[in-house]
K.L.:
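The following block contains the structure, expressed as structure tokens.
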Amino acid sequence: MQYVERVLAELKEKNPNEPEFHQAATEILNGLKPVIEKHPEYEKAALLERFVEPERVILFRVPWVDDKGNVHVNKGYRVQFNSAIGPYKGGLRFHPSVNLSIIKFLGLEQILKNSLTGLPIGGGKGGSNFDPKGKSDNEIMKFCQSFMTELYRHIGQDTDVPAGDIGVGGREIGFLFGQYKRIRDEHVGVLTGRGLTYGGSLVRTEATGYGLVYITAEALKARGDSFEGKTVVISGSGNVAIYACQKAQQLGAKVVAMYDSNGYIYDPKGIRLDVVKQIKEVERARIKEYANRVKGAEYHEGCKGIWTIPCDIALPCATQNEIDEVSAKALVKNGVKYVGEGANMPSTLEAIEVFQKAGVVFLPAKAANAGGVATSALEMAQSSGRLFWTFEEVDAKLKNIMVNIYHNMDAAAKEYGVEGDYVAGANIAGFIKVANAMMAHGIV
Ligand code: NDP
Ligand code: 2IT
């Protein structure tokens, strides 16, 4: 059996019941085949076996008391996947669906994404099956304090630097940081996405969405095109979706649809982002409200229908596997030309195949959404240097990083004979640096 197939088969056998982890590993390792063939020394060093095995997996109990005095127990996770090129870096996700498979797939992706940024950050991910929906600020604080009361001993500014992800935004990072600082008596850059008054960086809030649009704009530019006048569908209405919408609109696109986990809104005149921000960021209410407030907008129950709306560019920005084969076919039939993944692994393996066979320019998550973690690394740099860069400075660095990622994955795909296949290109460009570092470190 070929090396990649053998490692994948062993991974599935040793880690049963982890479908998302299997999916991410399959996409990555298949994309790496051209590199593996050129480097027989990797197999001798069991490089892939080590690459897919986290350096450390931390599981812990998170007990907390709600406003009525009821005691709850959630699961806490931190997977410290790979520190070959820098301290573990990656977000925390609070969502009822969180399990080890999901955290491992996110951690594995994060290794290559972080490498693609060109900055010295390793890969990690964590979170909890805690559901922040409907909880009071006090309950969120209690939960975050309990979570950090265990997590603090495993992280540090030079060891592991968590950040936000689904269900973890500025409010949660504030509570987590407050508890870390209290326990350790250290005001350091141990978390990113911090508030601007206590060590955060300008542009971090906007970074993932902006970065997604910057890299998509570069792909358009390479084909003599731009966002101007394009119709865009964006899924989700959280941090990534909102700022992708903002930047796409600034570049002259018309965003016609967004969703949350209950259903989608369609506004043929173009989404009014001020209304979405009021509903989602200020009121923490449901996107359904939009149709009550904006004339001519429609609300539809359920998420899947969003992919039947004709568009030039689709930017999935909610969650894994939100675009399946059926949705991908509907997008292609309606003329989609570009798909940029803002979420992590939003397209199933079958959906990716549909896009690539149809000649859609497909920008995979680990490249397309790397702007968030890249700006986190810029936040770490500012923390270490006791500096505070302007919005324009950070935004210019972010744009430059995204443009470089586009050209690096494009060049890697060409070099390894798979021109235009950015899934392979991103995996290869990200992997080479990590592989070199791991080889240099010996068998560890
Ligand atoms: P948020 O919590 O801010 O927003 C998540 C959005 O996705 C919400 O609209 C949410 O709807 C929706 N959503 C979540 N789960 C589901 C689901 N199972 N089905 C349908 N909709 C769902 O998270 P972010 O915007 O930060 O993250 C979105 C995606 O981007 C994730 O895949 C994340 O991993 C990825 N990402 C985030 C980065 C960041 O910097 N924040 C960086 C790189 C990637 P509802 O409110 O109803 O739950
Ligand atoms: O998936 C991701 O890259 C993130 N959630 C951001 C991670 C980070 O450390 O900023």
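In listed order, ligands and their atoms are each counted from 1.
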K.L.:
Return the closest protein heavy atom for atom 3 (O) of ligand 2 as residue, atom name and distance.
P.N.:
Lys113 NZ, 2.7 Å
K.L.:
Can you tell me if Arg204 has a non-hydrogen atom under 4.0 Å from ligand 1?
P.N.:
yes
K.L.:
Checking salt bridge (Lys or Arg N to Asp or Glu O under 4.0 Å) against Glu379, which of Lys397, Lys89, Arg204, Arg194 comes through?
P.N.:
Arg194
K.L.:
Quick check on atom 10 (C) of ligand 1 - does any protein heavy atom sit closer than 4.0 Å to it?
P.N.:
no
K.L.:
Please determine, by modelled atom types, if Asn70 and Asp66 share a side-chain donor-acceptor pair under 3.5 angstrom.
P.N.:
yes
K.L.:
Looking only at protein heavy atoms, which one is nearest to atom 10 (O) of ligand 2, and what is the separation?
P.N.:
Ser376 OG, 2.5 Å
K.L.:
Nearest to atom 12 (C) of ligand 1 by heavy atom, Gly263, Ala318, Pro346: which?
P.N.:
Ala318
K.L.:
Atom 3 (O) of ligand 1: which of Ile166, Ile102, Asn239 has the nearest heavy atom?
P.N.:
Asn239
K.L.:
Look at ligand 2 and say whether Gly164 reaches it with a heavy atom at a distance under 4.0 Å.
P.N.:
yes
K.L.:
Should you measure from each heavy atom of Gly236, which atoms of ligand 1 turn up under 4.0 Å away?
P.N.:
9 (O)
K.L.:
Considering heavy atoms of the protein only, find what lies nearest to atom 46 (O) of ligand 1 and give residue, atom and distance to 0.1 Å.
P.N.:
Arg286 NH1, 3.8 Å
K.L.:
Using a 4.0 Å heavy-atom threshold (strictly under), name the region of Arg93 that reaches ligand 1: side chain, backbone, both or neither.
P.N.:
side chain
K.L.:
Kindly give the heavy-atom pair with the smallest separation between Ile173 and Ala163, and that separation in Å.
P.N.:
CD1-C, 3.7 Å
K.L.:
Taking Glu53 for the side chain and Arg50 for the main chain, is one N or O donor matched with an acceptor at less than 3.5 Å?
P.N.:
no
K.L.:
Does Lys125 come within less than 4.0 angstrom of ligand 2, counting non-hydrogen atoms of the residue?
P.N.:
yes
K.L.:
Check ligand 2 against Gly90 and write out every atom of the ligand that is under 4.0 Å from a heavy-atom position of the residue.
P.N.:
7 (C), 9 (O)
K.L.:
Which residue and non-hydrogen atom of the protein lie closest to atom 18 (N) of ligand 1, and at what distance in Å?
P.N.:
Thr319 CG2, 3.7 Å
K.L.:
Heavy-atom distances under 4.0 Å are what count here, so tell me which part of Asn344 touches ligand 2: side chain, backbone, both or neither.
P.N.:
side chain
K.L.:
Any carboxylate oxygen within less than 4.0 angstrom of a Lys/Arg side-chain nitrogen, looking at Lys230 and Asp312?
P.N.:
no
K.L.:
Considering only NZ, NE, NH1 and NH2 on the basic side and carboxylate oxygens on the acidic side, decide whether Arg171 and Asp137 come within less than 4.0 Å.
P.N.:
yes
K.L.:
Taking distance alone, with N or O pairs closer than 3.5 Å, would you say Asn369 contacts ligand 2?
P.N.:
no
K.L.:
Looking only at protein heavy atoms, identify the closest one to atom 7 (C) of ligand 2 and say how far it is in Å.
P.N.:
Gly91 N, 3.5 Å
K.L.:
Report yes or no: does Arg204 have a heavy atom closer than 4.0 Å to ligand 2?
P.N.:
yes
K.L.:
Does the ring centre of Tyr198 sit less than 6.0 Å away from the ring centre of Phe177?
P.N.:
yes
K.L.:
With heavy atoms of Ala163 as the reference, note each atom of ligand 2 found under 4.0 Å away.
P.N.:
8 (C), 9 (O), 10 (O)
K.L.:
Think Lys135 forms a cation-pi with Phe94, using NZ or CZ under 6.0 Å from the six-ring centre and within 45 degrees of its axis?
P.N.:
no
K.L.:
For ligand 1, which part of Lys133 has a heavy atom less than 4.0 Å away: the side chain, the backbone, both, or neither?
P.N.:
side chain
K.L.:
Under 4.0 Å from ligand 1, counting heavy atoms only, is it the side chain of Ser235, its backbone, both or neither?
P.N.:
neither
